[in-house]
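A quick write-up on the structure given underneath.
Model, not experiment: these values are computed from the prediction. Order of appearance sets the numbers: ligands from 1, and atoms from 1 within every ligand. Counting begins at 1 with the first residue of the sequence.
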Amino acid sequence: MEISGVNSIRGEINIPGDKSISHRAAIISALASNQINIKNFLLSQDCINTLNILKKLGVKIEKNNSNVIIHGLGIQNFIEPDDILYVGNSGTTIRLLSGVLCAAKITAVLSGDKSINNRPMDRIIFPLKDMGANIYGRNNNSKAPIIILPSYKLKGRIFNIPISSAQVKSCIILAGLFAEGVTEIIQPEVSRDHTERLLEYFGVEIKYDGKNTKVFSLFESNLKGEIKGKNLYIPGDLSSATYFIVASCILPNSSIIMKNIGINPTRSKVLDILQLMGANIEIKNKKVINNELVADIESFTSNLKAIKVDKNLIPIIIDEIPALCVASVFADGETIIEGAEELRHKESDRINSIYNEFLKAGVDIKQKKDGLIIKGNKDFKPNGGIYESYKDHRIAMSLAILGLKSNNKIRILDSECIETSFPGFLFELKKVLN
Ligand code: S3P
């Protein structure tokens, strides 16, 4: 991808469906006993990998543009796949489906690309083993490929998770649905709660309150083991919208509007942080759609100032940090991000990726073990040249937004990785360029 400096962006941008909610909608609908129509499903590479795996497990799926129909099969009817289940680059796919497969009484092997097979999986393998699952991973049960064998009966447990993670929490919740008794997960900080909201919407007995989640056995509840799903609409992905919000703030004479974006409170802190930095953002037409808060977002050219990001918020802004770093390059003063070591375990080591490429751009940036310090100013002009995406979609999109402020051309390598979460990113960007 090649990006050159632009004067401004103006207009409406279509933000595709939320990635986290699309994965959950597909997986949880597959566990139901009825047909569920999902509108605005994100057909990005990560979510397609989830759909392909569900098909290999016997689930019938129909696709028509962004409308997806899942014919719920129920876990007891999943078939043993005759091949490995390939998750590609998707952490949500491997972690959530591991929880489900431990309860499915089949043998299955989950594997992914180079990045996935080097990301930590002990954080799901050990809790699942504690519940009685027959699950193993490479490298002393810490890495994928993961192999799951049938297990006799899972048991509900109480887990104190040391690092807040919605993927780990959701993995345990999904196994907990099919375990005996109650499964409780306690995390040090709040993480996104889409799994809880969707299960609740489908009538499952689940209690959640910030850092604590309690799920009750599906077999022991009045649902008697059967989930009855409802049709769904997936809100636009706020993480994807953030790139354009930042672009409109840092460019002169800019204004954009994006409709029906998910602003679930466990995701929307990035908007509060940008507003604290001085971003001119308006949130309109709030409504609740299938248990998720949705709104239209407008954003405009802004005078940004630096911020020290509250460490406690890191888990709920983790995916937006690369875009926030771009904003901080054009924010007067020193932006400090700490307590964010988790960034090193994403699709790439994002602290390192941001540090290396921003340094190339001429940004005044320091790297710490758990964060970044960026000194910004509104007149900064990034250097042209060739930039690495590290095959990480969020790094590629952040560099593209940074490039909009350059006086020279920037070339981003392996930018096709953007398909992981935002097919049509470049099309939408070109649409609003002036
Ligand atoms: C996600 C949770 C987060 C996030 C990821 C999607 C999810 O990961 O970074 O992009 O859908 O649950 P962690 O659970 O590892 O924090």
Side-chain angles (χ1 to χ4, degrees), residues 16-28 41-42 44-47 49-50 87-100 112 115-116 118-125 127 142-144 159 161-174 185 187-199 208 211 213 234-235 237-243 262 264 266-270 292 311-324 339-351 353 370 392-398 417-418 420-422:
D18 187 276
K19 181 154 81 75
S20 290
I21 304 179
S22 295
H23 283 297
R24 286 154 171 86
I27 294 170
I28 296 171
F41 188 91
L42 173 67
S44 73
Q45 197 49 55
D46 270 14
C47 298
N49 288 334
T50 290
V87 306
N89 194 238
S90 178
T92 307
T93 309
I94 195 164
R95 293 196 175 120
L96 270 58
L97 280 175
S98 290
V100 169
S115 154
I116 267 295
N118 278 301
R119 288 176 64 184
M121 294 299 150
D122 36 354
R123 48 181 74 182
I124 57 157
I125 292 177
S142 71
K143 299 268 165 76
F159 293 101
I161 307 273
I163 303 166
S164 296
S165 155
Q167 290 177 355
V168 173
K169 175 179 65 172
S170 301
C171 164
I172 298 171
I173 293 174
L174 291 170
I185 304 125
Q187 302 197 98
E189 301 301 339
V190 177
S191 61
R192 66 191 70 189
D193 62 7
H194 305 301
T195 306
E196 293 91 318
R197 284 176 183 275
L198 186 53
L199 287 170
Y208 56 105
K211 302 170 190 171
T213 303
I234 311 289
D237 195 320
L238 180 58
S239 305
S240 300
T242 302
Y243 302 102
N264 173 322
T266 63
R267 291 286 294 283
S268 63
K269 271 286 172 283
V270 62
E292 289 281 354
K311 280 185 194 177
N312 300 334
L313 298 180
I314 295 295
I316 52 175
I317 58 160
I318 194 85
D319 288 346
E320 292 77 56
I321 293 178
L324 277 176
E341 208 178 335
E342 268 300 282
L343 284 173
R344 296 200 183 273
H345 305 293
K346 295 293 173 187
E347 286 81 333
S348 71
D349 172 343
R350 286 188 179 153
I351 294 183
S353 312
D370 67 342
D392 180 337
H393 54 133
R394 301 208 189 279
I395 298 299
M397 287 186 277
S398 299
C417 62
I418 291 174
T420 299
S421 66
F422 197 162

Those residues with a heavy-atom separation under 4.0 Å from ligand 1 are Ser20, Arg24, Thr92, Arg95, Ser165, Ala166, Gln167, Arg192, Ile318, Asp319, Lys346

Is there a donor-acceptor contact under 3.5 Å linking the side chains of Lys169 and Ser191?
-> yes

Can you tell me if Glu347 uses its side chain to pair, donor with acceptor, with the backbone of Ser115 under 3.5 Å?
-> no

Side chain to side chain donor-acceptor pair (under 3.5 Å) with Ser170: of Arg192, Arg95, Arg24, only one passes, and it is Arg24

Side chains of Thr420 and Gln45: donor-acceptor distance under 3.5 Å anywhere?
-> no

Strictly by modelled atom types, are Ser44 and Ser421 linked by a side-chain donor-acceptor pair under 3.5 Å?
-> no

Say whether His194 and Ser20, considering side chains only, have a donor N or O and an acceptor N or O under 3.5 Å apart.
-> no

